Amino acid sequence: MSLGKALRRWLRAMSASSSESPERDYLPELPAIEWARAGGADRSVSPAEFSAVLLTVARDGEPGLRAAAVDAFGSAEARWCLAVDEALRERWWSATRWSRSLAAELADGEVEVLRLVVAGCHRDGRIREAAVVHLTKHAHPAALSVLALRTADWVAEVRQRARAAVDGRLSSSRGSLTQLTEMAFALRGRGQGAWLAERVEGVLRDLPLDDLEPLLAARDRRTRRAAYRAATAGGLLSVSRLITAAMKDDDLPIRSLCARGAVQAATDPAQLRGLLVSRTALVRAEALQAVLAVGDLGAAEAALPDRHPLVRAIAQAGLRRSGADPAEFYRLLAGREPPAPGVIAGLGETGGVEDAGLVRRWLAHPRSRGRVEAVRALRRVGVTRPAELVPLLRDESGAVTRQIVAALRHDLGVLDPEMLEALLRPGNAPHVRFAGYRLLTLANAWQRLATNLRLIDDPDDRLRAGARADISAWLNRQAATTYHGPSGDRAAELDKLIERARPILDEDKVRLLRFHAGLPHQAAL
C-alpha cells in the first residue's frame, strides 16, 4: 500500500510553509515515564489529559518515554482508545506547526510508531490517510488499534484503506483477533462502525476451538460473548465446560447462553443438576426445565421455595403436569419455623383466600424479605386488613414499607390522617417518612397539596425534591380538573402554607395555587 502521488504532493505542500509560519504549538510539559506507562489503566487520568500529553511525548519525548506511551495506548481498553481518538482530534488544533512538520515526515520518511498513532487520530483526513498507509507496516498493538478505529472513519478514502489493512490482518493472523474483536464491538455504535463487527463475527463462526480460546478468556465482556456464541453454535464446547461457564462467568448473558448450550448438549439430564444451584435464576430455570422434561419431580419439589418467581413457576407447572397441587407443598413448608421467603411467595402464587391466615402469621417473619413476601402474598389472595398492615409502616426495612404502601393505597379512606402525619415527623427513619408522604399524597388533592407545601423546605433531600416536583406536576396536569374546592379549615391551612412557601415558589406558582384553592389574590410583601 503506497501513499499515491496526489496525497504525497499535498503532504509536501502542507509542510512547505512550516518553517515560515509564525504559529507555535501549545502543548503541556513532558510527563514522567511512570505516568506514560499508566496510560489508560489510570482512571484518574482523563482521555483529554492523556491525549494532550501524548502529543508532547510523540513530538519531544526520549525513546524510552515514547515506547512507554505507545505501549500504554496499545494495551488500553477499546473504549479508552475511542475517547483518546476523539480528544486527539481536538488537541491537534494546539499543535498546528507540528502538524506541518509531521506532514513532511509522512510524505518522505520512515515515521516512528507513536507519531503514526497520533497522526492516525489527526483532524485532517489526508494526514489520517497517510498515517494508515504507514501503520500497515507495523505490528504493534497501538498500530492495530488505530487501524481498527479508522475502519469507521467518516472519510471514505481513509476508511477504505484501513478496512483493506484490517481485512488482511484478519485473513492472515489470529494473534490480533482478540484486540480487533474488542475494538469492533466498541465501534459498532458509530456511523460506519458496523463493518468491522460484522467482519469479525463472520471470522469467529469459522474458527476452531484453539483459535477461540484467547477470546473466551478476553477481558472485554462483549468479546467473550461473541466467542461463546460462536463456540456454542458450532458445538465446540463440552458439557462440563459449558456448565463451568454457566456457573462461574461474571457476565449474565454468558452464563445464560452457556446454560442453554449445556441443556442442548447434555445426553443425561443428571449432568445438569449442578446448574440447579446456580446463583443466576435464568441458569436455574434452564436446568430445571431440562430435568423436569424427564420426569424428575424431586427437582420440582426442591425448586418450589426458589427466590426467583420464574424458577418457582417452572417448578409449579411441573408438579401440576404430574397431577399434584403445588399449594399443598407450600402449605406444609409454610408451617416450618420460619419458612424461606420463597415459600411464602409461592403460597401466594398458588393458594387462595383460605391460606390468608397462614400467610398473615409471617408478617412477623424474622427476615425482611419474608415480611415483604407475606405482604405480597396477602395482596395476591385478596385479603389485606389495614389494621394488621399499618404497624409495618414503621418497619426497619424500606422494602417492607414500600409493600405496605402498595397494599394500603386502596384503603386510604380508613386510614387515620393524624397517624400518617406522625410518620412524617423528622425523628423517623427516612423510609418511614417517605411511606407517610406517599399515603398522604395519594388521598385527595388538597391533602396532597398541603403535605407537599409542608415539606417544601424539609431537610430530607428526597422529600423536599419530591414535594416541589409534585406541586409542579399537580399544577401542570391535575389542577384544572380538580373541581371541588377545599373545606374551610383546609383552605385556611393552605392559605398559611402557600404564604410560608412564597419565598421558595415563584410568583406564578403562588398565584396559581391560590387561584385553584379558591383563595383571594395576595400580593408579595
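No experiment lies behind these values; they were computed from the predicted model shown.
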In short, A299 meets V291 closest at the heavy-atom pair CB-CG1, 3.7 Å
Is R128 positioned over the aromatic face of W154, cation under 6.0 angstrom from the ring centre and no more than 45 degrees off axis?
yes
Under the side chain to side chain donor-acceptor pair (under 3.5 Å) rule, what pairs show up with a residue in residues 251-261, not counting sequence neighbours?
R225-D251, R255-T280
Tightest non-hydrogen contact, residues G346 and R312, listed as N-NE, 4.1 Å
For R222 and F185, indicate whether the former's side chain and the latter's backbone hold a donor-acceptor pair under 3.5 Å.
yes
Backbone N or O of A218 within a donor-acceptor pair of the R224 side chain at under 3.5 Å?
yes
Of all the heavy-atom pairs spanning P339 and H365, show the shortest one and how long it is.
O-NE2, 2.7 Å
State plainly whether the residues E77 and R219 are in salt-bridge range, i.e. N to O under 4.0 Å.
no
Main chain of G193, side chain of R188: is a donor-acceptor contact present, judged purely on distance under 3.5 Å?
no
If the threshold is 4.0 Å, N to carboxylate O, is there a salt bridge linking E373 and R369?
yes
Under 4.0 Å between a side-chain nitrogen and a carboxylate oxygen: does that hold for E198 and R163?
no
Could you note down all residue pairs passing ring pair (Phe, Tyr, Trp, His ring centres under 6.0 Å) where residues 118-144 supplies at least one of them, sequence neighbours left out?
W92-H122
Taking every heavy atom of L88 against every heavy atom of S51, the minimum-distance pair comes out as CD2-O, 3.4 Å
Ignoring hydrogens and geometry, is there a side-chain-to-backbone donor-acceptor pair from T96 to W93 under 3.5 Å?
no
What distance do L252 atom CG and I254 atom CD1 have between them, rounded to the nearest 0.5 Å?
10.0 Å
How long is the span from the CG atom in L276 to the CG atom in L272, to the nearest 0.5 Å?
8.0 Å
Any sub-3.5 Å donor-acceptor pair from Y330's side-chain atoms to E349's backbone N or O?
no
For C258 and A246, work out which heavy atoms get closest and say how close.
CB-N, 3.9 Å
Roughly how far, to the nearest 0.5 Å, is the CG atom of D71 from the CG atom of L114?
10.0 Å
Donor on one side chain, acceptor on other, E29 and T56, under 3.5 Å
no
Sub-3.5 Å donor-acceptor pair from the side chain of R66 to the main-chain atoms of G61, do we have one?
yes
Check the pair D153 / V132 against side-chain contact (heavy atoms from CB on, under 4.5 Å), numbers first and verdict last.
CA-CA 11 Å; D153 202 278; V132 166; over 6 Å; no
Assess whether a salt bridge exists between R150 and D85, defined as any Lys/Arg side-chain N lying under 4.0 Å from an Asp/Glu carboxylate O.
yes
List the residues meeting side-chain contact (heavy atoms from CB on, under 4.5 Å) with A324, not counting sequence neighbours, and say none if there are none.
L319, S322, F329
Please name the pair of heavy atoms, one in V263 and one in A290, separated by the smallest distance, quoted to 0.1 Å.
CG1-CB, 3.7 Å
